[in-house]
Amino acid sequence: MSKSILKALKVYLSQFDGMELRPLSEILTARPEGPASSYAIAPAGSGDTWQDVTGQRHYRNSYVFYALERVDAEADREENWDFLEALTEWLDDQAYEGNFPKLPEGYEAESLEVANAMLLDLDEHGYGTYQVQIQLEFFKGGNKNA
């Protein structure tokens, strides 16, 4: 089990069959680095936090998955969008099935939403940075079944 929520998301994303990830230790934090293909996950802010009547603390945090890919040829761009579409569909399917990241001890994921697969940036060297936003809701403590 991971020691941080961010690491748990890295492990979770590595389970996507369509992702040709480098070794897990090379999935970066905050930003991808060349050469393509490079991937990263970054916290994008905490959302709501609340406590329910059972004492559970609930959190809604946002993350961004980044992919640095070649974009100079039409075939590259088409392949990149196919990858992003497959990734977002896989994340949606996992959430629908209740398959969430295995969070650190004491935390449990309760929902995951994915949105805004988009091209974020182009550089002069023929690389593009794509992003997918992920919102994770989880809880800590209390008695879930109370």
K.L.:
With rounding to the nearest 0.5 angstrom, report the CG to OH distance, Leu136 to Tyr12.
P.N.:
9.0 Å
K.L.:
Which of these, Tyr130, Tyr127, Tyr39, sits in a side chain to side chain donor-acceptor pair (under 3.5 Å) with Glu69?
P.N.:
Tyr39
K.L.:
Which heavy atom of Trp81 sits nearest a heavy atom of Leu119, and at what distance?
P.N.:
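For Trp81 versus Leu119, the nearest heavy atoms are CH2-N, 3.5 Å.
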K.L.:
Can you see which heavy atom on Leu28 is nearest to which on Glu33, and at what distance?
P.N.:
CD1-N, 3.6 Å
K.L.:
State, yes or no, whether a side-chain contact exists between Ser62 and Gln135 at a heavy-atom distance under 4.5 Å.
P.N.:
yes
K.L.:
Can you tell me how far the CE atom of Met118 sits from the OG1 atom of Thr129, to the nearest 0.5 Å?
P.N.:
11.0 Å
K.L.:
Consider side chain to side chain contact (heavy atoms under 4.5 Å, CB included). Of Ile41, Thr88, Val64, which one does Val132 pass it with?
P.N.:
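The single option meeting the side chain to side chain contact (heavy atoms under 4.5 Å, CB included) with Val132 is Thr88.
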K.L.:
To the nearest 0.5 Å, tell me how far Leu84 CG sits from Asn116 CG.
P.N.:
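Taking CG in Leu84 and CG in Asn116, the distance rounds to 12.0 Å.
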K.L.:
On a heavy-atom basis, which atom in Gly128 and which in Leu122 lie closest, and how many Å separate them?
P.N.:
CA-CD2, 4.1 Å
K.L.:
Do Val71 and Tyr66 share a hydrophobic cluster, counting only Ile, Leu, Val, Met, Phe, Trp and Tyr and linking them when any side-chain heavy atoms are less than 4.5 Å apart?
P.N.:
no
K.L.:
If you round to the nearest 0.5 Å, how far is CG of Leu68 from OG of Ser37?
P.N.:
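If I round to the nearest 0.5 Å, the distance is 8.0 Å.
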K.L.:
Report the residues that fulfil salt bridge (charged side-chain N to carboxylate O under 4.0 Å, His left out) with Glu137, sequence neighbours left out, ordered by chain and then residue number.
P.N.:
Arg60
K.L.:
Is it true that a side-chain atom of Asn80 and a backbone atom of Arg70 form a donor plus acceptor pair closer than 3.5 Å?
P.N.:
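Yes; at least one donor-acceptor contact below 3.5 Å.
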K.L.:
Could you walk me through whether Lys10 and Thr29 satisfy the side-chain contact (heavy atoms from CB on, under 4.5 Å) test, starting with their C-alpha distance in whole Å, then the side-chain angles of each, then the deciding distance to 0.1 Å, before giving a yes or no?
P.N.:
CA-CA 9 Å; Lys10 287 181 181 183; Thr29 302; 2.9 Å; yes
K.L.:
So, taking the atom named CZ in Phe65 and the one named CD in Gln133, what distance separates them when rounded to the nearest 0.5 Å?
P.N.:
13.5 Å
K.L.:
Please determine whether the number of non-hydrogen atoms from other residues, nucleotides or ligands lying under 6.0 Å from atom CD of Gln51 exceeds 12.
P.N.:
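Yes, CD of Gln51 has more than 12 neighbouring heavy atoms, counting only those of other groups under 6.0 Å.
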K.L.:
I need the minimum non-hydrogen distance between Ala42 and Ala30, along with the two atoms involved.
P.N.:
CB-CA, 3.5 Å
K.L.:
Under a 3.5 Å threshold, yes or no: a donor from one side chain and an acceptor from the other, between Glu110 and Tyr59?
P.N.:
no
K.L.:
Which heavy atom of Asp72 sits nearest to which heavy atom of Asp76, and what is that distance?
P.N.:
OD1-OD2, 3.3 Å
K.L.:
How far apart are the closest heavy atoms of Ala109 and Phe138, and which atoms are they?
P.N.:
CA-CB, 3.8 Å
K.L.:
Please evaluate residues Lys102 and Val11 with respect to the criterion side-chain contact (heavy atoms from CB on, under 4.5 Å), reporting the C-alpha separation (whole Å), side-chain torsions for both, the decisive distance (0.1 Å), and the verdict.
P.N.:
CA-CA 9 Å; Lys102 305 292 184 234; Val11 170; over 6 Å; no
K.L.:
Contact between Pro101 and Leu112 at the side-chain level, heavy atoms closer than 4.5 Å - yes or no?
P.N.:
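Heavy-atom side-chain distance check passes, below 4.5 Å.
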K.L.:
Identify all side-chain donor-acceptor contacts of residues 89-99 below 3.5 Å with residues at least two apart in sequence or on another chain.
P.N.:
| unit_1 | atom_1 | unit_2 | atom_2 | d |
| --- | --- | --- | --- | --- |
| Gln94 | OE1 | Asn99 | ND2 | 3.4 |

K.L.:
In terms of relative ring orientation, are Trp50 and His58 parallel, tilted or perpendicular, with 30° and 60° separating the classes?
P.N.:
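Geometry flag for His58 against Trp50: parallel rings.
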K.L.:
Give the intermediate values and the outcome of side-chain contact (heavy atoms from CB on, under 4.5 Å) for residues Leu87 and Leu13.
P.N.:
CA-CA 9 Å; Leu87 175 63; Leu13 288 168; 4.2 Å; yes
K.L.:
To the nearest 0.5 Å, what is the distance between CG (Asn61) and CG (Leu6)?
P.N.:
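Interatomic distance, Asn61 CG to Leu6 CG, rounded to 0.5 Å: 10.5 Å.
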